[in-house]
There are 2 protein chains.
Amino acid sequence: MPTEALKKLKTAESEKISHLDYFNIAISVDCVIFGFEKKELKILLIKSDLAEFANKWSLLGDFIKPAEDLDSAPYRVLKQRTGLNDVFLQQVGSFGTINRHPSGRVITTAYYSLINIKHHQMKITDNEVHWHMIETIKELAFDHKQIMEACLKRLREQVVDEPVIFNLLPEKFSLRELQDLYQAILGIKLDRRNFRKKIAMKNWLDDIDEMEDDVPHRPGKLYKLKTDLKNNKPLKSSVKKAKV
Amino acid sequence: MPTEALKKLKTAESEKISHLDYFNIAISVDCVIFGFEKKELKILLIKSDLAEFANKWSLLGDFIKPAEDLDSAPYRVLKQRTGLNDVFLQQVGSFGTINRHPSGRVITTAYYSLINIKHHQMKITDNEVHWHMIETIKELAFDHKQIMEACLKRLREQVVDEPVIFNLLPEKFSLRELQDLYQAILGIKLDRRNFRKKIAMKNWLDDIDEMEDDVPHRPGKLYKLKTDLKNNKPLKSSVKKAKV
DNA sequence: AGGGTTTGTGTACAGATTACACGTTATCAA
DNA sequence: TTGATAACGTGTAATCTGTACACAAACCCT
């Protein structure tokens with residue numbers, strides 16, 4: 001029984017959650033926070049504070065509070081760690097093998113988040129928090145590698161049909177930036193002409209009649225996501241056809 | 001703080017989980033168990049044992065045990081309630097609004113399951129457990145209606161690409177039965193000739209050279225799912241193309 | 001002024017999806 | 001045995017979708 005072990009739990013929040021001593025099973029949330037920079041998909045990680053995982057990186061997470069909804073907890077975590085409000089967040093799944101946490105029984109619910117690295121001028125207060133390129137991540141603390149992969153899989157499924165990808169881009173962007181982002185997420189190269197045709201058909205974008213002005217080559221047009229699609233909600237207009 | 005309220009928790013398992021008294025947040029699993037009978041998609045429900053939900057139906061669930069993996073708990077629930085082993089089960093999501101359970105703070109992880117109503121000769125020991133047609137379900141205890149809908153959505157997404165639907169059918173089945181099942185799940189009518197062509201292309205089935213013998217009309221051929229697809233695992237052979 | 005880089009655009013082919021009809025084989029009841 | 005009923009088994013043409021592919025123009029930089 002891991003109750004004793006839980007008493008040793010030590011986190012940034014440990015003072016405030018002394019009631020943990022009485023838990024048999026503790027509940028946490030973990031966030032896989034994706035960002036996009038220099039044509040690379042990245043995720044935000046923090047140095048683990050557990051001796052068992054010294055020098056290992058881990059996802060941003062926290063224990064859930066008695067008086068907060070499960071789905072609210074990751075918003076709090078993001079707010080605390082990055083200062084960001086109104087981020088895109090979606091639940092991916094819960095992970096609860098018995099020994100996934102060395103200090104005791106902890107079940108965690110994973111969320112993925114998409115944020116625009118540059119635009120928000122995040123105050124990453126904690127200097128142990130850094131962006132990492134996904135391909136270079138070999139190992140993470142706990143089962144966080146597995147959680148990261150589940151979230152990446154979900155992301156790849158969702159960007160195809162739903163306009164969630166724009167949470168990773170600035171307000172105004174070129175089609176090249178959008179294509180680079182799709183390629184970084186899906187890990188494949190796309191044909192430029194066919195990509196533009198496909199995006200045009202989805203009817204997600206407004207041409208705002210502006211041009212890039214900071215590129216060392218011919219500038220492209222800038223676009224915005226249509227305002228009625230900015231709510232991060234699943235798309236109503238795209239009625240999916242049954243394929244069987 | 002709902003700790004006091006939790007002491008009042010009363011379930012079939014309550015003797016064995018007296019440690020619940022010490023929980024601040026309890027964790028449960030709930031199963032949305034789909035079956036197929038008479039061209040209708042059904043789910044298995046149990047009469048709620050809480051006074052607050054007297055005469056309401058609810059999903060089959062239980063609190064998680066300290067020494068069991070989260071993803072093992074729903075297998076135990078199904079074994080206990082229906083006697084079934086080796087069922088198809090998949091995690092769908094976790095639900096944890098503060099007031100979802102009237103007796104205290106309970107976060108639940110939902111799973112969906114597909115079982116063959118007839119074949120397994122289930123011993124439904126508890127006579128408060130019954131199959132219900134999905135369309136007729138107006139209300140369930142707790143937030144179970146919402147959970148059911150999330151699971152139905154997931155099921156509809158999965159049957160299109162992955163050979164999970166066969167868990168709802170007997171070992172041998174006709175293409176008509178399969179089409180009726182797809183139609184019940186997706187809620188649409190399919191063209192018979194195109195459906196057969198599509199199924200043939202997926203290459204999921206073996207023609208076993210037998211015929212129906214219990215139908216009041218011309219019998220159809222019987223098929224089996226190819227044995228290498230019976231493991232309930234995601235399909236390797238169907239490499240999905242990126243659609244962007 | 002010229003080299004480098006990216007933009008913007010259309011068409012032809014292949015593959016997939018859809019709509020649609022008729023003769024056949026079985027059961028059932030008269 | 002006959003006729004009514006119900007589902008089986010099968011193919012083609014029209015349309016839509018996905019893919020492969022090339023060239024002139026715009027801008028930056030030196």
Side-chain angles (χ1 to χ4, degrees), chain A residues 38-39 156-157 159-161 169-170 172-184 186-224 235 237-244, chain B residues 36 38-40 159-161 169-170 172-184 186-224 235 237-244:
Chain A
K38 305 239 179 76
K39 303 195 179 189
R156 286 177 169 155
E157 290 162 2
V159 293
V160 174
D161 297 317
L169 289 172
K172 305 170 182 183
F173 52 86
S174 68
L175 291 178
R176 174 182 33 80
E177 291 173 290
L178 183 59
Q179 182 177 348
D180 286 342
L181 177 48
Y182 269 108
Q183 292 181 162
L186 299 173
I188 54 175
K189 259 187 80 58
L190 300 167
D191 177 86
R192 193 158 54 92
R193 274 182 289 190
N194 293 336
F195 174 77
R196 285 162 182 248
K197 208 188 308 174
K198 203 77 160 277
I199 294 295
M201 285 202 329
K202 288 186 192 288
N203 204 30
W204 286 344
L205 303 184
D206 279 334
D207 180 341
I208 57 172
D209 210 35
E210 289 181 51
M211 305 293 268
E212 289 181 297
D213 61 358
D214 52 352
V215 288
H217 53 73
R218 174 177 173 181
K221 280 184 169 184
L222 293 175
Y223 296 82
K224 273 187 187 175
L235 200 54
S237 55
S238 85
V239 179
K240 274 225 231 164
K241 291 179 277 184
K243 279 174 269 169
V244 178
Chain B
F36 178 61
K38 304 241 180 77
K39 303 195 178 189
E40 298 283 352
V159 292
V160 174
D161 297 317
L169 290 172
K172 306 171 181 182
F173 51 87
S174 67
L175 292 178
R176 174 181 33 80
E177 291 172 290
L178 182 60
Q179 181 177 349
D180 285 342
L181 176 49
Y182 269 107
Q183 293 182 161
L186 299 173
I188 55 175
K189 258 188 83 58
L190 300 167
D191 177 87
R192 192 159 54 95
R193 273 181 290 189
N194 293 336
F195 174 78
R196 285 162 181 247
K197 208 188 309 175
K198 203 77 159 278
I199 293 295
M201 285 200 332
K202 288 187 192 289
N203 204 29
W204 285 346
L205 303 184
D206 280 333
D207 179 343
I208 56 171
D209 209 36
E210 289 182 50
M211 305 293 268
E212 291 179 296
D213 61 358
D214 52 352
V215 288
H217 54 72
R218 175 177 174 181
K221 281 184 169 184
L222 293 176
Y223 296 83
K224 273 188 187 174
L235 199 56
S237 55
S238 86
V239 180
K240 272 224 233 169
K241 291 179 277 186
K243 280 173 271 172
V244 177

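Below, read A as the first sequence line, B as the second, and so on, with proteins coming before strands; counting in each chain starts at 1.
Considering NZ of A:K198 and CG of A:N194, their distance stands at 8.0 Å, rounded to 0.5 Å. Expressed to the nearest 0.5 Å, how far CG of A:L222 lies from CG of A:L175 amounts to 9.5 Å. In this structure, B:L169 CG and B:K224 NZ are separated by 14.0 Å, a value rounded to the nearest 0.5 Å.
An angle of 20°, rounded to 10°, separates the two end axes of the helix from C:dA1-D:dT30 to C:dA30-D:dT1, each defined over five pairs.
The only option from A:E177, A:Q183, A:R176 that meets the side chain to side chain donor-acceptor pair (under 3.5 Å) definition with A:Q179 turns out to be A:Q183.
The closest donor-acceptor contact from the side chain of A:D191 to the backbone of A:R193 lies under 3.5 Å.
Atoms CZ (B:F195) and P (D:dG9) sit 13 Å apart, rounded to a whole Å. A straight line from CG of B:L178 to P of D:dC8 spans 12 Å, rounded to a whole angstrom. If you take NZ of A:K189 and C1' of D:dT19, they are 15 Å apart, rounded to a whole angstrom. Whole-Å rounding puts the A:L222 CG to D:dA26 C1' distance at 15 Å. Remark: C1' of C:dG15 and NZ of B:K198 are 13 Å apart, rounded to the nearest angstrom. Computed from coordinates, the A:L190 CG to D:dA20 P distance equals 11 Å when rounded to whole Å. With rounding to whole Å, A:M201 atom CE is found 6 Å from D:dT17 atom P. Distance, B:R176 CZ to D:dA6 P: 13 Å, rounded to whole Å.
Residues B:M211 and B:K221 have side chains in contact (heavy-atom distance under 4.5 Å, counting atoms from C-beta outward). When side chains are defined from C-beta on, B:Y182 counts as touching B:I199, because their heavy atoms get closer than 4.5 Å. Side-chain contact check for A:L205 versus A:L178: some heavy-atom pair is nearer than 4.5 Å.
The heavy-atom pair separating A:V160 from A:K202 by the smallest distance is O-NZ, 3.1 Å. When all heavy atoms of B:S174 and B:E212 are compared, the pair lying nearest together is OG-OE2, 3.4 Å.
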Pairs under 3.5 Å (N/O, protein and nucleotides 10-14 of chain D):
unit_1	atom_1	unit_2	atom_2	d
D:dT12	O4	B:K197	NZ	3.1

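More than 12 heavy atoms of other residues, nucleotides or ligands lie within 6.0 Å of CG in A:D207, so this atom counts as buried by the packing criterion.
Near DNA chain D, defined here as any heavy-atom distance below 4.0 Å, the residues from residues 209-219 of chain B are B:H217, B:R218, B:P219, listed numerically.
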